[in-house]
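Below is one structure; the comments refer to it alone.
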Amino acid sequence: MASAVPSPAPPVLSRPLILLLSVACGVAVANIYFPQAISPLIADDLHVRPASAAVVVTCAQLGYAVGIFLLVPLGDRLRHRGLVTTLLLVTGVGLVLAGTADSLPVLAVASGLVGLTTVVPQILIPMAAGLTAPERRGAVTGTLLSGLIGGILLARTFSGTLGEWLGWRAPYLVAAGMVLILTLALAAALPHTTPSTDQRYPALIAASLHLLRTEPLLRRSCQYQVLVFAAFSAAWTALALYITGPHYDLGTPAVGVLALVGAASMFATPVAGRRVDRLGPDPVNLVCMVGAIAAGAVLLTGHLGGAVGLVGLGAGMLLLDVAMQSGQVANQARIFALRPEARSRLNTAYMTCAFLGGSAGSWLGVRAYSAFGWNGVCGLVALLAGLALLRHVLRDRHPGTAQVPAPAPTTGDGVPATR
């Protein structure tokens, strides 16, 4: 059995480095989400149905899930600097291929490649957790997730606006340039880290599956995120079709504006991180699941149309974004406390499940919209979030699966987002 590789005392994460890591999470993850806003433009240019063009989003998320499973465990085995920069370079190649694709199948394959390699946030977040004291871990995780959320939500504004002006290819090519700049910045700034294990690659992959089988808290966190993230993905994938369809007949920039409103949720995750540090993950999860169900109800006001409907859509998507992302802070704080030497492998199991749920949610959202319209999508959101709440209410309560205790509150931790 392979033993853990001993490591020296980890370097302290400075404020500028935390901010850079937060930006890196946002820039990298944006590549999975910006196609959601431009899928109608892709459909028009490539002469395919809008529902068919939405497969680009599904392929990106499926690629992301596969990349998490196959590549993120290497974060425990390889030095982070070399691994991260290599993945970003390949992501840039995939973005260029997507931006020059002349058919939907080529674009779908390129999107899968981009998803496969743009898993950098899921390597950086466990790395940061390992370089942070336990009493600050929720706050620092929340800070990085706030950057990740900004990337997810602002990506739609970026692509919707730029796509309307310059065509759907422009967001892919601009994103490729941003990824190159990020690669250079991280190559210079990432600390030298020591691998936490010398396990061979097949053993690393098997370890993630083993952790999923043997850690009840990991399984529960996965189940929560699969359901809530599926609701989130269903809503956002269908929203582009709804806004640009006959009910509103708006352009893709309107999707970007709604995403810009939702970007306010990035300020909620540091708050959620502080609550997790004080109270533990379960109370935060409970509030988030109730919030996601409420979001499904608020989104129903979209059928009113006009300014009132748009306000309702913005409010509902903001509430859903806050619920999903804050719940993720709680889930990751829970799993990162389980086995410090295996954080990348824990995150691999968790995020693979989450993005499989997101891929399923995108597929279900398009089907619900095609069959039942926007009201069907809202019902799907509420149903999925309700199942998560039911799982939470029925969670195991015996000592072996009790929730991770909250650490004692601290002050003056020096993390900007915790102040």
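Keep in mind that the numbers below use all heavy atoms, side chains included, and drop hydrogens, waters and symmetry copies. The first residue of the sequence shown is numbered 1, and numbering continues consecutively from there.
When all heavy atoms of I293 and A385 are compared, the pair lying nearest together is CG1-CB, 3.6 Å. Taking all atoms of both residues into account, the shortest heavy-atom contact from A240 to P40 is O-CG, 4.2 Å. G75 and L83 make their closest contact through N-CD2, 3.7 Å (heavy atoms, listed as atom of the first residue, atom of the second, distance). Considering all non-hydrogen atoms of both residues, L209 and F69 come closest at CD2-CE1, 3.8 Å. Across all their heavy atoms, S362 and S233 have their closest contact at OG-CB, 3.6 Å. Across all non-hydrogen atoms, the minimal contact from A354 to Q225 is CB-CG, 3.7 Å.
The side chain to side chain donor-acceptor pair (under 3.5 Å) test with R220 is passed by exactly one of N285, N331, D282: D282. For the side chain to side chain donor-acceptor pair (under 3.5 Å) with H80, the lone residue among T85, T194, T193 that qualifies is T193.
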Check your understanding: Run the side chain to side chain contact (heavy atoms under 4.5 Å, CB included) check on W168 and L107 step by step: do they pass?
Key -> CA-CA 11 Å; W168 67 266; L107 179 57; 3.9 Å; yes
Point to revise | side-chain hydrogen bond (donor to acceptor under 3.5 Å, both in side chains) assessment of Q122 paired with Y350 | key: CA-CA 10 Å; Q122 307 312 326; Y350 171 77; over 6 Å; no
**Study point:** Criterion side chain to side chain contact (heavy atoms under 4.5 Å, CB included) on L217 and I335, from CA distance to verdict
**Key:** CA-CA 7 Å; L217 291 179; I335 67 171; over 6 Å; no
Point to revise | Trace of the side chain to side chain contact (heavy atoms under 4.5 Å, CB included) decision for L124 with L190 | key: CA-CA 10 Å; L124 294 180; L190 280 179; 4.1 Å; yes
Point to revise | Verdict with supporting geometry, L346 and Q332, side chain to side chain contact (heavy atoms under 4.5 Å, CB included) | key: CA-CA 9 Å; L346 287 163; Q332 289 191 303; over 6 Å; no
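Side-chain contact check for Q325 versus V329: every heavy-atom pair is 4.5 Å or farther apart. Residues Y172 and P35 form a side-chain contact, since some pair of their non-hydrogen atoms from C-beta on lies under 4.5 Å apart. In this structure the side chain of S39 never reaches within 4.5 angstrom of the side chain of V56, judged on heavy atoms. Counting heavy atoms from C-beta outward, L389 and L227 have side chains that stay 4.5 Å or more apart. The shortest side-chain heavy-atom distance between V366 and T58 does not fall under the 4.5 Å cut-off. Two residues are said to be in side-chain contact when any heavy atoms from C-beta on lie closer than 4.5 Å; L17 and L21 meet this criterion. Contact annotation: the side chain of T118 never approaches that of V29 to less than 4.5 Å [non-hydrogen atoms, C-beta and beyond]. By the 4.5 Å heavy-atom criterion applied to side chains, M127 and N347 are not counted as neighbours.
Separating the CZ atom in R345 from the CG atom in L74 is a distance of 11.0 Å, to the nearest 0.5 Å. Atoms CZ and CG, from F336 and L218 in turn, are 10.5 Å apart once rounded to the nearest 0.5 Å. With values rounded to the nearest 0.5 angstrom, F232 atom CZ is found 10.0 Å from Q328 atom CD. The structure places CE of M351 at 13.0 Å from OG of S208, a figure rounded to the nearest 0.5 Å. Separating the CH2 atom in W236 from the CE atom in M317 is a distance of 4.5 Å, to the nearest 0.5 Å. With rounding to the nearest 0.5 angstrom, the CG atom of L104 is 8.5 Å from the OG atom of S111.
Panel note: side chain T100, backbone L97; a donor-acceptor pair is recorded below 3.5 Å. Judged by distance alone, with hydrogens and angles left aside, the side-chain atoms of Y201 form a donor-acceptor pair with the main-chain N or O of L70 at under 3.5 Å. Within the 3.5 Å criterion, the main-chain N or O of A349 finds no donor-acceptor partner in the side chain of T352.
Between Y242 and H247, the ring planes lie parallel to each other; the angle is under 30°, not in the 30° to 60° tilted range.
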